[in-house]
Structures are given as structure tokens and as C-alpha cells.
2 protein chains.
Amino acid sequence: MPARRNPAASSESVDNYLKAILALSGPEERRVASTSLAARLGVAPASVTNMLQKLGAAPSPLVEYERHHGVLLSPAGRRRALEVLRHHRLIETFLYELLDYPIEEVHAEAERLEHFISERFEERIAAKLGHPKFDPHGHCIPAMDGKMPKQKSVSLTDVEHEGAFVVDSVSDWDAPLLKRLKARGIAPGVRLRTRRRTPDDDYAVSLGNSSRILHLSPDAAGAIRLCSVHH
Amino acid sequence: MPARRNPAASSESVDNYLKAILALSGPEERRVASTSLAARLGVAPASVTNMLQKLGAAPSPLVEYERHHGVLLSPAGRRRALEVLRHHRLIETFLYELLDYPIEEVHAEAERLEHFISERFEERIAAKLGHPKFDPHGHCIPAMDGKMPKQKSVSLTDVEHEGAFVVDSVSDWDAPLLKRLKARGIAPGVRLRTRRRTPDDDYAVSLGNSSRILHLSPDAAGAIRLCSVHH
DNA sequence: CTAATAATTTAGGTTCGCCTAAATCCGCGA
DNA sequence: TCGCGGATTTAGGCGAACCTAAATTATTAG
């Protein structure tokens, strides 16, 4: 008989759904709508529904899915998602630190490799890197037990008034955008001052001690997360 | 319209067919029978026929296939096969040299990753390793332009002095002998060091890093072909 | 409260890579 | 030359993951 495997077994595709749910459900673990998943994954909404039904109906489900009410990771699903995220961020760090990749290329490569590396590979690069806690974008790397300190940072879009911040991370979702921001000097660790927001969709900031003002689009602003530098 | 891709586009599966054909057609580039491919790939013969038909009928074919007469790599197919082989051997070297993998684990990991690394990854690990010419098993790594010096193997009976080798193949015409050798740890891929030959018909070798010495009969020695290891 | 609109699901179809079972082809011995 | 057996191909299917188009359900404005 043709060895049929567990329908909810991890596959590249399943991994990507789990990662997307993890990302979209945020720290409060909100339920995630299929439309947002579809947008994020670049597939048709109907495909999402299909997949979620499969993932939810498996003997040991990876998600908790209810028709018309979005989806949530099950404990097993969350575990797997965090493992893949750990892979992703470790690989990014590895490519950047040990293979001298340009920062804007690490995401795409990690995105492919994260699904295929073994436990041993994970363990070895983590060791070579000295068990890093942050990837080159400033994102926190989940520990092996799946725990991850919640990062408290704000999106630049949420900041309405003047203030001094440090760039905590820049979303690595959109490589060209990442590159453009880098070219303008915006990268993790950089100090940044916000201006009061007058026109609603113009984000004006200045970098370091410079008084030169940069104007960012809402898209760009949305990709930037900040930590305040008071006290 | 649903962006249908080139039917002969490279995929993990296609890569594996090409690799297998490359391996089985040998240095003289013999035509390869579907049965041997099926055996090597662990799939049904019918599946092989299917795949070969697709690969051969594509706009730019990767193989030259004729029904009932086996298959041969096209120039493009050979190029791709050598690229994947280069990936495989570079990755093995990388895992062994830079990530301190145990030698017996490098193959399985490389087998998965070879399909997914980018040109940049290839170039970077090659650079870090100093553009190695041989993998940790002693196999030659194809150059980027696809050229690869043909490896010439020697019979153990022709080796008179000490040296480090890799078992290239063990003659299979004498099954019991083959089995006995395997039981003693001698099989293709195994690293083997020869001793100086003092009595004319005693072949003394040791395996891997072990210092234990095995004594082989002329018959056994004649069945073993070796490649030298140029680290 | 109802109707329009937006989100979601169902139904039916595709490609890929694999499988089994049933032809068919080819070379070799009688 | 005939026919037999092994090698190979054809025919018909399956599951995964995707798609479009056509329901259906939820939400929200009037």
C-alpha cells in the first residue's frame, strides 16, 4: 500500500501557513482571518480555507479553526512555527555574520533554507554564533524550548508626536523597501527622532544628531519598529 | 492565466533524476536504462518513463531520450547535474570543515540542501573553504564552469606504499567476498589507509581514523578500487 | 430590520510526481 | 523463425497544493 503520510505532517507549505499565522496573530494571539493569510502568503483565499480545514481536522491538529471565525495556532502548531522562526533567524544571523552576506539578501535565502535544515545544522550554527539572541534585523531569536521574550516596541506609524527612539527592527518582508531604508540610513540600532505628524500620511524623522529631515511613506513607516530612549 | 511554468524547469525531483543519470552513465556517458534509474531513485519504473518523457520533450530538453533505448543527458542537463553535484560536494565539505559534522552525517544533509542554496551561498562557502577541489570523501568537486577532472581509480593490488584513499568501488562479481568485505567495513566511500607492502601477498590497511590493521588476501585486494585523497 | 457589500466557503479543475495493473516491445534460445 | 520472459511503456488513479467561479454567510449602513 502506498504509505500515505499524516495529512498534517510538516511540509514547506504547511510551515509557511504556520509562520504566517504566528506573525499575524501578534503577541496577544488574536484569531487570524483567512483573507489576511491569503494576502500574506500570496495565494487565493479559497486555498487558505482548504489548507486550514486540513490542518484543523488532522488527528493532531496544528491549528484551531472554526468556519468564518478565523484560525489560531494549536500548541503543536505554535511549537512548529517557533521552530521554523528560530531556523529563519539563526540562518539570517549565520549568513550575515559568518558568510558576510549583504543584509538585504539574508531574508530570501533564509526563507528557503529554514524548511530543510536538520536539528544538527541548527545546533551547530547556533554554537558557532555563540547562541545569539537577536538576528541581524534586531529580531529576537526564539530559544530552543520555543520561549521568546516579548519584544515591546512600537511601530513608527503609532507614533504621533516628537520623540527620541532607537530603531529596533525593520521588517524584512519587503526586500527592496529594506534596501531603500538602509540606503537612507535606517537600520536596527540607529537613533531616530520623530517629528509631530501634521499631514496624516507623511512620516517625518531625522537620524542621529543630524537635523536633516527624512520623509517616509506609510508603507516604510509601517515596516519600522522603535524602542523609546527615555530614562 | 495561471502562470504555468516550463515543464522541464528544475525541481528537486528533476535534479535527482539528472544526478542519477550522471552517476549511472559513468565517465564514458553510456545510455542509462530506466530500470537502473528506478532502482537508484527508489521509484517505480513507470514513474521513470513518465519523467524522462517530460524531460526529453520539453522546449529545451534536459535529456536525450528514446523509447526502449535508455537516456542520456543533454548538454543543458549535464550542466545542471554538475551544478547540483558541485552544490552537494561543497556543502559536504562545508559541513565537515566548518561546522564539524561527523563524516557520516554530511551526505544526508547535503542531499537535502543541494537543491535550495543560491549562487551566492555556493560562492560564499566555496570562498570560505578556499575553493576546495575535493570533498571529505575524496570526491572531486566540479568547477563552476562544469568541468571536472576525471577521477582515475587504482586497484588496491597496484598500491605498494602508504597512502590515504577512498574506496571507490568493490567488485560485485563475487558476492560472498563483497559481503565479507562489507562486514569488515570496506565499502564504497570508506576512507582507507594503506601500509607499505612487505610480504608480497599481504595487503595491510586500516579504516577511517582507526589504527587497527586489517589484513587482506590478494583476491580481496584485487576486488577493491581506490581513489587517492587529496585533502 | 433589511439589504447591500465584504468575507468566506464550496465546487470543480489543474499540475506535479508518484503508484498499480495491463499492454507492448525486444532480444535470445530452441 | 517463433515465442518467451524481462524490460519498458501505456492507461488510469491518487494526494498535495494551488486556481477560478459560484454559492453562502457575516456585517454593516440605511
Side-chain angles (χ1 to χ4, degrees), chain A residues 1-21 24-25 30-59 61-72 80 111-112 115-116, chain B residues 1-21 24-25 30-59 61-72 84 111-112 115-116:
Chain A
M1 65 210 92
R4 72 178 60 177
R5 80 177 116 133
N6 178 347
S10 253
S11 75
E12 194 177 342
S13 194
V14 169
D15 281 353
N16 286 331
Y17 276 89
L18 298 179
K19 269 204 316 173
I21 298 168
L24 293 173
S25 67
R30 295 178 299 277
R31 299 190 80 88
V32 176
S34 21
T35 320
S36 11
L37 279 172
R40 171 132 189 163
L41 293 169
V43 302
S47 307
V48 173
T49 300
N50 262 348
M51 179 61 97
L52 295 184
Q53 286 172 340
K54 254 189 311 192
L55 294 182
L62 291 169
V63 303
E64 195 264 88
Y65 168 67
E66 201 179 342
R67 349 176 335 146
H68 292 283
H69 293 284
V71 73
L72 212 53
R80 176 62 187 165
E111 195 70 14
R112 264 174 299 117
H115 309 289
F116 305 109
Chain B
M1 65 206 92
R4 72 179 59 179
R5 84 176 114 128
N6 178 346
S10 253
S11 76
E12 194 175 344
S13 194
V14 168
D15 281 353
N16 286 332
Y17 277 87
L18 298 178
K19 269 204 314 173
I21 298 169
L24 293 174
S25 67
R30 292 179 301 277
R31 298 190 81 87
V32 177
S34 21
T35 321
S36 9
L37 279 173
R40 170 131 189 164
L41 293 168
V43 303
S47 308
V48 173
T49 299
N50 260 346
M51 181 59 97
L52 295 184
Q53 285 173 340
K54 254 188 310 191
L55 294 183
L62 292 168
V63 303
E64 194 266 88
Y65 167 66
E66 201 178 342
R67 347 177 335 149
H68 292 285
H69 292 284
V71 73
L72 210 54
V84 178
E111 196 70 14
R112 264 173 300 116
H115 309 289
F116 306 109

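Bear in mind that the values here come from a model prediction, so they are computed numbers and not experimental data.
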S.K.: What is the separation between atom OH on A/Y65 and atom P on C/dT9, rounded to the nearest whole Å?
M.R.: 3 Å
S.K.: Rounded to the Å, how far apart are A/H68 NE2 and C/dT9 P?
M.R.: 5 Å
S.K.: Would you mind telling me which residue lines up with the more 5' stretch of DNA chain D, A/E12 or A/H69, judged by nearest nucleotide?
M.R.: A/E12
S.K.: Under a 3.5 Å distance rule, please check whether B/S25 uses its side chain to pair with a backbone N or O of B/I21 as donor and acceptor.
M.R.: yes
S.K.: Starting at NE2 of B/H115, measure out to CG of B/N16 and round the result to the nearest 0.5 Å.
M.R.: 4.0 Å
S.K.: Can you confirm whether the side chains of A/S10 and A/R80 place a donor and an acceptor under 3.5 Å from each other?
M.R.: yes
S.K.: Within residues 42-50 of chain B, find the residues that approach DNA chain D with a heavy atom at under 4.0 Å, and present them sorted by residue number.
M.R.: B/P45, B/A46, B/T49
S.K.: Of all the nucleotides listed (C/dC16, C/dC18, C/dT9), which has the minimum atom distance to the side chain of A/S34?
M.R.: C/dT9
S.K.: Run the numbers on B/V43 and B/L37 for side-chain contact (heavy atoms from CB on, under 4.5 Å), then give the verdict.
M.R.: CA-CA 8 Å; B/V43 303; B/L37 279 173; over 6 Å; no
S.K.: Quick one: pull up OG in B/S34 and CG in B/N50 and give me the separation to the nearest 0.5 Å.
M.R.: 11.0 Å
S.K.: Whole-Å distance between D/dT10 C1' and B/L52 CG?
M.R.: 15 Å
S.K.: State, to 0.1 Å, how close A/Y17 and A/L55 come at their nearest heavy-atom pair, and which atoms those are.
M.R.: CB-CD1, 4.4 Å
S.K.: A/Y17 has an atom OH; how far is it from atom P of D/dA17, in whole Å?
M.R.: 9 Å
S.K.: Could you tell me the separation between the CE atom of B/M51 and the P atom of C/dG17, rounded to a whole number of Å?
M.R.: 4 Å
S.K.: Quick check for you: to the nearest 0.5 Å, what is the distance between B/L52 atom CG and B/L72 atom CG?
M.R.: 11.5 Å
S.K.: Looking at B/K54, I'd like to know whether one of its side-chain N or O atoms comes within less than 4.0 Å of OP1 or OP2 on C/dT15.
M.R.: no
S.K.: A/R67 CZ to D/dA23 P: how many Å, rounded?
M.R.: 16 Å
S.K.: Quick one: is C/dC16 close enough that its OP1 or OP2 comes under 4.0 Å of any side-chain N or O from B/S11?
M.R.: no
S.K.: Once rounded to the nearest 0.5 Å, what's the spacing between atom CG of A/L62 and atom CE of A/M51?
M.R.: 10.0 Å
S.K.: Just the dot-bracket of DNA chain C, please: which string comes out with Watson-Crick or G-U pairs under 3.5 Å, [ ] for crossing, | for another strand?
M.R.: ||||||||||||||||||||||||||||||
S.K.: Using atom CG of A/L62 as one end and atom C1' of D/dA16 as the other, report the distance to the nearest whole Å.
M.R.: 15 Å
S.K.: From the set D/dT9, C/dG17, C/dT9, return the single nucleotide nearest to any side-chain atom of A/Q53.
M.R.: C/dT9
S.K.: Just how far, in rounded Å, is P of C/dC16 from NE2 of B/H115?
M.R.: 18 Å
S.K.: Mind running side-chain contact (heavy atoms from CB on, under 4.5 Å) on A/E64 and A/R31 for me, showing each step along the way?
M.R.: CA-CA 9 Å; A/E64 195 264 88; A/R31 299 190 80 88; 3.1 Å; yes
